[in-house]
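Structure record follows, encoded as C-alpha cells.
Naming convention: chains lettered A, B, ... in sequence-line order (proteins, then strands); numbering from 1 in each chain. Just so you know, these numbers use all the heavy atoms, side chains as well, and skip hydrogens, waters and symmetry mates.
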Amino acid sequence: MEHFALWLAAFLTLGIISFLYKDNAWYKLTEAIFVGLSAGYWFVTLFWDNFYGKFWIGKGEHAYLYVGAFLGLLMLLRLIPKIGWISRWPLSFIVGATSGLWLINYFSSNIMKQVQATIFPLFSSQYGAGFDAGAATVIGNLVIFLGTFTGLVYFFFSKEHKGAFGYTAKVGIWVIMITFGASFGYTVMSRMSLFIGRIDFLLSDWLGMIL
Amino acid sequence: MRLPAILDRKACAAFFVVLIFLFLLVPNARSQGQAVKPDSIGRAISPDSLSPDLYPQAATRVEAIDTPNDAGESISISWKKSIDDYDGGKVKVYRIYRAEVVNGQPGEFKEVGDIPAGHDKYSFQDGNTVDGVEYFYKVLAVNQLRENNIATWEAVSETLPFGPIKSSAQWFDWRRINAFIGVIILSFFIIYFIQQAKSGKELFIRKIAGMEAVDEAVGRATEMGKKIYYVPGLSDMDNMQTIASINILGRVAELSATYETYLEVPVCRSMVMITAKEVVKEAYSKAGRPDTFQEDQVHYLTDDQFGYAAGIDGMVVREKPATIFYMGTFYAESLILAETGNSIGAIQIAGTAMPSQLPFFVAACDYTLIGEELFAASAYLSKEPKLIGSVKGQDIGKGIMLAAIVIGIILETFNIWNFSRLFSVID
C-alpha cells in the first residue's frame with residue numbers, strides 16, 4: 001500500500017509539473033483530482049472541526065454557540081428564494097463585527113508600532129546616547145526615515161502628485177520598487193527550495209537515486 | 001531496667017549536653033526556614049542533617065495584586081529579594097505557593113511556579129486563578145544542590161502568607177489608551193470628511209492608474225469576444241482586502257454587463273461566493289441587464305490554496321480570457337496565477353495589500369494596485385461620499401503620522417524627549 005501511495009504521489013507530482021510544458025490530459029486529470037479532493041477534504045474538515053467539534057460538542061457549555069448556529073442557519077435560507085434576502089444579515093454581521101474587532105489591532109500594529117519604529121535618533125545608536133553612531137548606521141537611519149516619509153507621501157490620495165509633492169511621491173515609489181525587487185529575489189529563492197523539495201522527493205523517495 | 005555499662009555518668013552528661021545543643025539549634029533553624037525533602041532519592045542527604053548555615057534568609061515584602069488591565073484569571077505577585085540573593089549566594093530559586101482561603105485562613109499551599117534567583121526585582125504572574133476566589137500566596141527562597149538536573153538537597157525559607165486576594169477582569173486596558181485616542185482622532189476626521197462629502201462638497205481623489213485601466217481592460221475583452229476573469233483572492237469575508245475586492249467587483253461587473261461581456265468569478269470561500277453573487281447580480285440589475293446574469297458566473301472551486309491555483313490555471317489556459325483581475329489577499333499562488341495569465345497574453349490588473357506578493361504582481365501584471373490603493377480604488381470607482389470622505393480622512397491621519405515622525409526624530413536626535421514612547425503599544 002505504501003508503495004502504491006509513493007507511485008501515486010510521483011504520478012501526480014509529474015502530472016502537475018507537466019503543465020510547464022503545456023496544458024495536457026495528464027495535467028487535467030491531476031488538476032481535477034487535486035481540486036475535487038481538496039474541496040471534499042475541506043468540507044469534511046470544516047464539518048468535523050466547526051460543526052461537530054465546536055458546536056455539537058460545545059453547545060451545552062457555551063450558549064453563545066447557538067448564535068453562530070442561528071446565523072449559519074440564516075445563510076441556508078438562500079435555498080428558499082422568497083426569503084433568501086435574510087441570508088444577507090449574517091453576512092452583514094460578519095463584515096461589521098470583523099471591521100470593529102480588527103480596527104484596534106490594525107491601528108496598533110500597522111500604525112502605532114510602525115511610527116514608533118521609525119522614530120529614532122538619526123546620529124546615535126539609541127535615545128540619549130549623543131552622537132555616537134558610525135557612518136553606516138547614520139546612512140541606514142536616513143534611508144529608513146526618508147524611505148518611510150516618501151513612501152507615505154506616495155499613498156496620499158486626496159492631493160494631486162504635482163510639484164515638490166509629486167517629486168517626493170516619485171522618490172517614494174522608487175523606494176517601494178527597490179524594496180519589491182529585494183523581496184522578489186528573496187522569495188524566488190524560497191520557491192526554488194520548494195521546487196528542489198519536489199525534485200528531491202522524485203529522485204530520492206520515488207526513484208531512490210539519491211540516498 | 002538496668003542501663004548498659006557504657007552509659008555511665010560521664011556518658012549521660014555528654015548525652016544531655018548534646019540534647020541541649022540540639023534543642024537550642026532546632027528553633028534557630030526554624031526561624032530561618034524549614035527543611036524539605038529533596039525531589040529525588042538516591043544520594044539525597046536527609047534534610048535533618050543539613051547545616052543551619054545552608055538555610056537562606058527569606059524574601060521580604062511579598063505583595064499580591066489583581067493583575068491590572070487584563071481579562072481576569074491572573075494575580076501578580078512581587079517580593080523583595082532575600083539578603084542571601086547575590087552572585088554565589090545561598091538563594092538559587094524562588095518558589096511561589098498559593099492556597100485557597102478556607103474559613104478565613106489559608107488552606108493547603110501548592111506550588112504555582114518558580115523564578116531563578118539573580119535578579120534585582122522579582123514578580124510573578126499566576127495566570128491560573130479563578131475570578132472571585134480568594135487566595136493566599138507565599139514565596140519560598142530555596143537553596144539547593146543539583147546534580148544531573150536533580151536536587152540532592154534543599155534548604156528553604158518562606159515568607160508569611162499574603163492575602164486574601166482575588167482576580168477579576170477589567171473593562172479597560174489603560175495601556176492601550178494611546179491607541180484609543182489615536183482611533184478617536186482618526187475616526188473624527190473620517191466622519192468629518194464623510195459629512196463634508198455628503199453635504200455636496202467635492203473632495204479630490206487622485207488618479208489611480210490601475211483603476212483608470214479597468215474600462216480599457218473590459219473593453220478589450222468585449223472587442224475580442226472573450227471572457228473576463230475576476231479572482232477575489234484566498235481570504236474570507238472577514239478580511240478587509242476581500243471586502244475592498246468585492247467593492248471593485250461591483251464596478252467590473254457593471255461594466256461587463258453594460259458591454260455584454262461574460263464575467264467569471266472563481267472563488268475559494270463559500271461566504272465570498274454568496275457575497276460576490278449578490279454583488280454581481282445587483283451590478284447587472286444596475287446596468288439594466290438582469291436577464292444576462294447567470295448563477296454559475298460566480299462559482300466555488302476549493303478552499304485549498306494550491307488546488308484553487310491549479311484550478312484557475314487550468315481554466316485560464318483552456319478558456320484564454322482577455323482580461324484577468326486579481327484583487328484581494330494572495331499568498332504563494334500569486335506568481336503562479338499571474339504568470340499563467342501573462343503566458344496567454346491576457347491584460348492583467350492586480351491589487352493586494354500583501355507586501356510579500358506585490359513584487360510578483362508588479363512583475364507579471366500590467367497594472368498593480370499597491371497596498372492602500374486597493375482600498376482607495378473602490379472609493380475612486382464608486383465616487384460614493386462615504387468612501388471618498390473616508391479616504392480623505394485617512395489622508396489626514398497619514399499627515400499626522402508624518403508630522404509625528406518628523407517631530408519625533410528631531411526630538412530624539414537632539415536628545416530632548418523620548419517621543420516614541422507615545423506610540424508604544426502592547427500586543
Looking only at heavy atoms, which two atoms of [X] and [Y] are closest? And how far apart?
X: A:Thr98; Y: B:Asp238; value: CG2-O, 2.7 Å
X: A:Pro121; Y: B:Glu412; value: CB-O, 3.4 Å
X: B:Met237; Y: A:Val95; value: O-CG2, 4.0 Å
X: B:Ala363; Y: A:Phe184; value: CB-CE1, 3.9 Å
X: A:Ser108; Y: B:Ala179; value: OG-CB, 4.0 Å
X: A:Val35; Y: B:Leu301; value: CG1-O, 3.9 Å

Would you find more than 12 non-hydrogen atoms of other residues, nucleotides or ligands less than 6.0 Å from [X] atom [atom1]?
X: B:Glu282; atom1: CD; result: no
X: B:Lys281; atom1: NZ; result: no
X: A:Phe165; atom1: CZ; result: yes
X: B:Lys383; atom1: NZ; result: yes
X: A:Tyr52; atom1: OH; result: no

In terms of heavy-atom proximity below 4.5 Å to chain B, should [X] be classed as side chain, backbone, both, or neither?
X: A:Ser190; result: neither
X: A:Ile33; result: neither
X: A:Lys28; result: both

When [options] are compared by non-hydrogen pairs under 4.5 Å with chain A, the top option:
options: B:Ser424, B:Ser356, B:Pro359; result: B:Pro359
options: B:Tyr308, B:Phe306, B:Tyr300, B:Phe180; result: B:Phe306
options: B:Phe414, B:Trp417, B:Phe419; result: B:Trp417
options: B:Ile410, B:Ile370, B:Ile388, B:Leu203; result: B:Ile370
options: B:Cys268, B:Ala310, B:Gly408; result: B:Ala310
options: B:Leu335, B:Ile243, B:Ile416, B:Asp304; result: B:Asp304

Among [options], who wins on heavy-atom pairs under 4.5 Å with chain B?
options: A:Ser109, A:Ser158, A:Ala97; answer: A:Ser158
options: A:Val188, A:Thr118, A:Leu37, A:Thr45; answer: A:Thr118
options: A:Arg88, A:Glu31, A:Lys22; answer: A:Glu31
options: A:Phe43, A:Phe131, A:Tyr186, A:Phe123; answer: A:Phe131

Counting only heavy atoms closer than 4.5 Å, note whether [X] contacts chain A via side chain, backbone, both or neither.
X: B:Glu372; value: both
X: B:Asp236; value: neither
X: B:Thr340; value: side chain

Between atom [atom1] of [X] and atom [atom2] of [Y], what is the distance when rounded to the nearest 0.5 Å?
X: B:Ile274; Y: A:Arg78; atom1: CD1; atom2: CZ; answer: 5.5 Å
X: A:Ile119; Y: B:Arg421; atom1: CD1; atom2: CZ; answer: 12.0 Å
X: A:Ile94; Y: B:Met271; atom1: CD1; atom2: CE; answer: 2.5 Å
X: A:Thr148; Y: B:Ile409; atom1: OG1; atom2: CD1; answer: 8.0 Å

Cation-pi check, B:Arg206 to A:Tyr154: give yes when NZ or CZ is under 6.0 Å from the six-membered ring centre and within 45° of the ring axis, no otherwise.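 B:Arg206 over A:Tyr154 ring: yes.
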
Give the intermediate values and the outcome of side chain to side chain contact (heavy atoms under 4.5 Å, CB included) for residues A:Gln114 and B:Phe423. CA-CA 9 Å; A:Gln114 305 303 325; B:Phe423 298 90; over 6 Å; no

Within the 4.5 Å heavy-atom criterion, are B:Ile336 and A:Arg191 side-chain neighbours or not? no

Can you list the residues of residues 389-403 of chain B that sit under 4.5 Å from chain A, counting heavy atoms only?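 Within residues 389-403 of chain B, the residues that come under 4.5 Å of chain A (heavy atoms only) are B:Val391, B:Lys392, B:Asp395, B:Lys398, B:Gly399, B:Met401, B:Leu402.
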
In sequence, state the C-alpha distance, the side-chain angles, and the governing distance for A:Trp42 and B:Thr302, and then conclude on side chain to side chain contact (heavy atoms under 4.5 Å, CB included). CA-CA 8 Å; A:Trp42 277 103; B:Thr302 168; 4.3 Å; yes

Could you walk me through whether B:Val425 and A:Phe107 pass the side chain to side chain contact (heavy atoms under 4.5 Å, CB included) check? CA-CA 10 Å; B:Val425 285; A:Phe107 192 84; over 6 Å; no

B:Asp303 backbone acceptor or donor facing A:Tyr41 side chain under 3.5 Å: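 Answer holds: no.
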
